[in-house]
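Quick notes on the structure that follows.
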Amino acid sequence: MSVAVVMGSASDVPVMEGAVQALREFSIPVEVRVLSAHRTPDDAIDFARTAADRGLKVIIAGAGGAAHLAGVLAAATELPVIGVPIVFGELGGIDSLLAMVQMPKGIPVATVAVNGARNAGLLAVRMLALSDARLAAALVEHREVMAAQVRASDAEVRARYADPA
Ligand code: RP5
């Protein structure tokens with residue numbers, strides 16, 4: 001039961017590491033690849049066509065610019081594909097966001113926020129948790145840890161800005 005984290009270029013690594021880290025926090029095996037929809041299209045399609053047979057359950061795909069990688073991978077597999085639009089060039093990520101999120105009907109890509117690789121990883125964990133009790137319990141614990149962190153911040157801020165008596 002593993003997840004692929006695919007990106008269009010090595011320049012995407014700093015962003016896509018967020019997905020890898022999230023998956024590793026839940027002890028999910030990760031296959032990380034650089035596959036370009038326009039520079040190595042055959043490799044990208046071969047990867048997607050064989051992904052399910054190799055035990056992959058979810059594909060996370062990050063790309064910038066005219067970001068068609070996630071859609072191309074989704075076209076060649078029945079696995080769920082999560083797209084991460086990446087900031088690249090002059091348009092600040094709006095180009096990648098629209099290219100990914102505006103998939104025509106029939107071939108879905110679940111697009112997260114621009115540079116939102118961590119949430120892509122966490123969404124993949126939620127998908128796997130549907131059939132894995134260990135992961136489901138770990139997600140509950142993860143939510144509780146986040147809540148405790150926010151409450152600690154709340155206490156600290158309230159103390160700092162308390163009206164002087
Ligand atoms: C996209 O073009 C990649 O996903 C990357 O975000 C962007 C720039 O790629 P490089 O020119 O840095 O290789 O295909």
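Note that ligands are numbered from 1 as they come in the structure, with each ligand's atoms numbered from 1 the same way. On a predicted model such as this, the values are computed, not experimentally measured, just so you know.
Looking only at distances, a side-chain donor or acceptor of Ser153 sits under 3.5 Å from a matching main-chain atom of Gln149. Using a distance-only test at 3.5 Å, with no hydrogens or angles considered, no donor-acceptor pair links the side chain of Asp154 to the main chain of Val150. Looking at His38, its side chain never comes within 3.5 Å of a backbone N or O of Ser36 through a donor-acceptor pair.
Evaluation of the ring pair (Phe, Tyr, Trp, His ring centres under 6.0 Å) rule for Phe26 yields His142 as partners, not counting sequence neighbours.
For ligand 1, the 4.0 Å heavy-atom shell takes in Gly8, Ser9, Ser11, Asp12, His38, Arg39, Ala63, Gly64, Phe88, ordered by chain and residue number.
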_Run the side-chain contact (heavy atoms from CB on, under 4.5 Å) test on Phe47 and Thr40 for me, step by step, so that the C-alpha distance in whole Å, both residues' side-chain angles and the decisive distance to 0.1 Å come before the verdict._
CA-CA 11 Å; Phe47 170 84; Thr40 58; over 6 Å; no

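Exactly one residue among Leu135, Val58, Leu79 makes a side-chain contact (heavy atoms from CB on, under 4.5 Å) with Met127. That residue is Val58.
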